[in-house]
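These notes concern the structure reproduced below.
Predicted model, so just to flag it, every value in this text is computed and none were measured. No hydrogens, no waters, no symmetry mates; every other heavy atom, side chains included, goes into these values.
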Amino acid sequence: MTIMDTLRATGCGCEAHDSLYDLISIDEALRRISDRVFPVEGVDVVPIASSFGRVLAGPEFAASSNPPFDNSAMDGYAVDSRTLQGDGPWRLPVRGRVAAGEVADIKGDGAAQVFTGAPVPAWATAVIMQEDVARSGDEITFDRRPKVGQHIRRTGEDILYGTKILPTGVRMQSRHIAAISAAGLSEVVVRRPVKVALLVTGNEVRRAGSSLNTAQINDVNTPMLLAELQQPSVDIVEVYAGGDDLETLTAQLSMLSEVVDLIITTGGVSVGDADLVKPAMEAAGGETHFSSVAIKPGKPVSFGSIGAAHWLGLPGNPVSALVTWRVFGRVLLSRLEGSRDVPRRRHVVLSDAVSHRAGRCEFRLARREAFDDLGREIVACPTATHSARVSRLIDADGLILIPAETDHLPKGALVEFLPFCVND
C-alpha cells in the first residue's frame, strides 16, 4: 500500500490541475514525495531502554522464548491429573513447595505447592487453584478433576525463540519495548536520526518575547515546528532566522544542504517580489519537484532537493505552515525515518452544515464534540480557515478534509478527519 493509499480514503477531489495557477493535486504532491524520498543510511545500536521513539532498521527476532519454562499461572498445587483414579474426591500428599525463581526439583507421586510464576515440576500436567483445595497438614483434598494444561503457561506459548517479533520500520513505543524485553533482547538496531534544519524567513519576524517595532511580528513558526520535530528519531542540527535577502538565503541553503537530510523553510515560497526562497534554491543549485498545490490553506507549499538534502518549503502564515506540515511534512519525515507510520485520516460526522468555495481541497480546523447513536465521532468546525489566526488552533483537535468539488456539506455528513495527535 502506498502512502497516498493510506492517507486518503476516497481521494481529495483535486485531481485536476487548476488552469489558472497550474496547481497539482494533494495526491500528486504526495506521490512525488514518495517517489523521491528514501530512508536515511546509517544505523545505531541502542539499549532497549533508550530505543523509545527510534525506528527499527531491520526486523528483530526473539533471543529466548517467553515463557522460558513451563510455569504456574496461579497460586495453587501442581498435580499429574493422569494418575487420578475414579470420580473423586482425591487426597494427595504435598511433597514440596516451589516459589518464583526456585527450581522445581520435587518428586512426582503427589502434589507440589506452586506460586504464580514458579516453574512447575516436569511431571505435572495441571495446576489447581489453592481456592479449590482443602489442605490439612501435608495433604490436600479436591473434588474437581483438573484438565490437562490447566493454569500452566507453556514454554514459548507467547513468544517462541527465533521468531520475528517486530518488522522493519516500527517506531519503538513502550508496548514494543515490552515485547522485545520478553524476547530476551537487550538492544536493537535503529536508523540514525534524521538530520533536520529549520530556516524561518521574513525580515519582520522576531523571536517571541523580543521588543517589537510597529512593523514586526512574533515568531510563531520556529517554536511551533520545533515542537513538531522534537522526537528521538530527529536530530535538529540548525535553526536559523533567515532574512529576505537572496544572497544570504542562497548561502544558507547551500551550507545546510551539506550537513542535513531535510531543510524546512517557512515563508518566501509564493510569487511576490520578496518571496526569495525558490530563487535562492535555484541559485544554490537546487531543484524544485513541485511548487503550489491545490490545497487551502497552504497553496504555495513546495518540495525539492539540493545536493543530497531534501527541501520542504512551507508557507509563512502559521496555520498554513502547520497544515502543510501535517499533510506533507510528516509523510516526508516518515519516509526519511524509514518508518511504517504515516498520517491516517478517519471518518467523522459534521455537527453542522459546512459551506465551501469549490476549486481547492480545504483542510479546515475542527473540534471533536461527542459521539452519535452509532458511536461515530461528531466534529464542529468554523465557517472558514484563516491562515494567520493562530488562536483558532487552541480549540482544534485536528483537520477535516473538504473535497475540491464540494460547495456544501449538510449536517450529519461523513467527512475525513486528520487528528493533530499522532496516536489519536
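Identified under the side chain to side chain donor-acceptor pair (under 3.5 Å) test for residues 191-200, with sequence neighbours left out: R192-D261. Applying the salt bridge (Lys or Arg N to Asp or Glu O under 4.0 Å) test to every pair with at least one member in residues 220-231, sequence neighbours left out, gives these pairs: E228-R326, E228-R330. The salt bridge (Lys or Arg N to Asp or Glu O under 4.0 Å) analysis of residues 47-67, with sequence neighbours excluded, yields the pairs D44-R54. Under the salt bridge (Lys or Arg N to Asp or Glu O under 4.0 Å) criterion, no residue pair touches residues 202-221, with sequence neighbours excluded. The side chain to side chain donor-acceptor pair (under 3.5 Å) contacts involving residues 115-130 comprise D75-T116, S81-T125, where partners must be two or more places apart or lie in separate chains.
Residues satisfying the salt bridge (Lys or Arg N to Asp or Glu O under 4.0 Å) test with E157, not counting sequence neighbours, are none. A search for ring-ring contact (aromatic ring centres under 6.0 Å, His included) contacts involving F142 returns W90, not counting sequence neighbours. Here R340 pairs with nothing under the side chain to side chain donor-acceptor pair (under 3.5 Å) rule; sequence neighbours left out. For F303, the ring-ring contact (aromatic ring centres under 6.0 Å, His included) test picks out H289, F290, with sequence neighbours left out. Legend: residues meeting salt bridge (Lys or Arg N to Asp or Glu O under 4.0 Å) with E337, ordered by chain and number and at least two apart, are R171. In this view, R135 and D138 satisfy the salt bridge (Lys or Arg N to Asp or Glu O under 4.0 Å) rule, not counting sequence neighbours.
Residues V415 and L401 fail the side-chain proximity criterion, which asks for heavy atoms closer than 4.5 Å. The side-chain heavy atoms of L399 and V323, taken from C-beta on, include a pair separated by under 4.5 Å. Side chains of V301 and L312 form a contact here, defined as non-hydrogen atoms less than 4.5 Å apart. Taking the side chain as every heavy atom from C-beta outward, D244 and T201 approach each other to under 4.5 Å. Within the 4.5 Å cutoff, the side chain of L414 has heavy atoms near those of the R376 side chain. A 4.5 Å side-chain heavy-atom check between I152 and M74 finds every atom pair outside the cut-off. At least one side-chain heavy atom of S34 sits under 4.5 Å from a side-chain heavy atom of R335. When side chains are defined from C-beta on, I263 counts as touching S257, because their heavy atoms get closer than 4.5 Å.
The shortest non-hydrogen separation linking A353 to H408 is CB-CE1, 3.7 Å. Across A111 and V79, no two heavy atoms sit closer than the pair CB-CG1, 3.9 Å. Across every non-hydrogen atom of A366 and F417, the tightest pair is CB-CE1, 4.1 Å. Of all non-hydrogen atoms in P121 and A112, the two that sit nearest each other are CG-CB, 4.0 Å. Across every non-hydrogen atom of S181 and I48, the tightest pair is OG-CD1, 3.0 Å. What you find for P382 and L365 is that their closest heavy atoms are CD-O, 3.1 Å.
Judged purely by atom type and a 3.5 angstrom limit, S65 uses its side chain to pair as donor or acceptor with the backbone of Y161. Of the possible polar contacts, one joining the H356 side chain to the T406 backbone as a donor-acceptor pair under 3.5 Å is found. Using modelled atom types, no side-chain atom of S351 and backbone atom of V349 make a donor-acceptor pair closer than 3.5 Å. Without hydrogens or angle criteria, D407 side chain to A358 main chain gives no donor-acceptor distance under 3.5 Å. In this structure a side-chain-to-backbone donor-acceptor pair under 3.5 Å is present from D372 to L374. The backbone N or O of N213 lies less than 3.5 Å from a partner atom in the side chain of Q216, making a donor-acceptor pair. D352 places no side-chain N or O within 3.5 Å of a backbone atom of A380 that could act as its donor or acceptor partner. The closest donor-acceptor contact from the side chain of T324 to the backbone of S320 lies under 3.5 Å. Between the side chain of T266 and the backbone N or O of N221 there is no donor-acceptor pair closer than 3.5 Å. One N or O on the side chain of E102 and one on the backbone of A99 form a donor-acceptor pair closer than 3.5 Å.
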Salt bridge (charged side-chain N to carboxylate O under 4.0 Å, His left out) evaluation trace for E369 with R367:
CA-CA 6 Å; E369 291 199 326; R367 181 183 69 255; 2.7 Å; yes

When you look at V127 and V120, which way does the side chain to side chain contact (heavy atoms under 4.5 Å, CB included) test go after all the steps?
CA-CA 8 Å; V127 170; V120 296; 3.9 Å; yes

L23 vs R360, side chain to side chain contact (heavy atoms under 4.5 Å, CB included): CA-CA, chis, key distance, verdict:
CA-CA 9 Å; L23 308 181; R360 283 185 278 157; 3.9 Å; yes

Going through the distances and angles, do S305 and W311 end up as a side chain to side chain donor-acceptor pair (under 3.5 Å)?
CA-CA 5 Å; S305 56; W311 164 63; over 6 Å; no

Stepwise side chain to side chain contact (heavy atoms under 4.5 Å, CB included) test for V45 and V188
CA-CA 6 Å; V45 180; V188 290; over 6 Å; no

Kindly list each side-chain donor-acceptor pair under 3.5 angstrom involving residues 277-287, sequence neighbours excluded, with atom names and distances?
from : atom 1 : to   : atom 2 : distance (Å)
K278 : NZ     : V269 : O      : 3.0
K278 : NZ     : S291 : OG     : 2.7

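For the atom pair CD1 of I177 and CG of L185, the computed distance is 12.0 Å after rounding to the nearest 0.5 Å. To the nearest 0.5 Å, the span separating CZ on F328 from CD1 on I26 amounts to 5.5 Å. To the nearest 0.5 Å, atoms CD (Q113) and CZ (R97) are separated by 6.0 Å.
No more than 12 heavy-atom neighbours from other residues, nucleotides or ligands sit within 6.0 angstrom of CZ on R357. For F69, the CZ atom sits in a packed shell: over 12 heavy atoms of surrounding residues, nucleotides or ligands are nearer than 6.0 Å. Open room surrounds CD on E41; 12 or fewer heavy atoms of other groups in view lie less than 6.0 Å from it.
In summary, R31 and D35 engage in a salt bridge, as defined by a charged side-chain N under 4.0 Å from a carboxylate O.
If you check the side chains of D245 and T248, you find a donor sitting under 3.5 Å from an acceptor.
Remark: of the listed residues R346, H347, R345, R344, R345 is the sole one forming a side-chain hydrogen bond (donor to acceptor under 3.5 Å, both in side chains) with E416.
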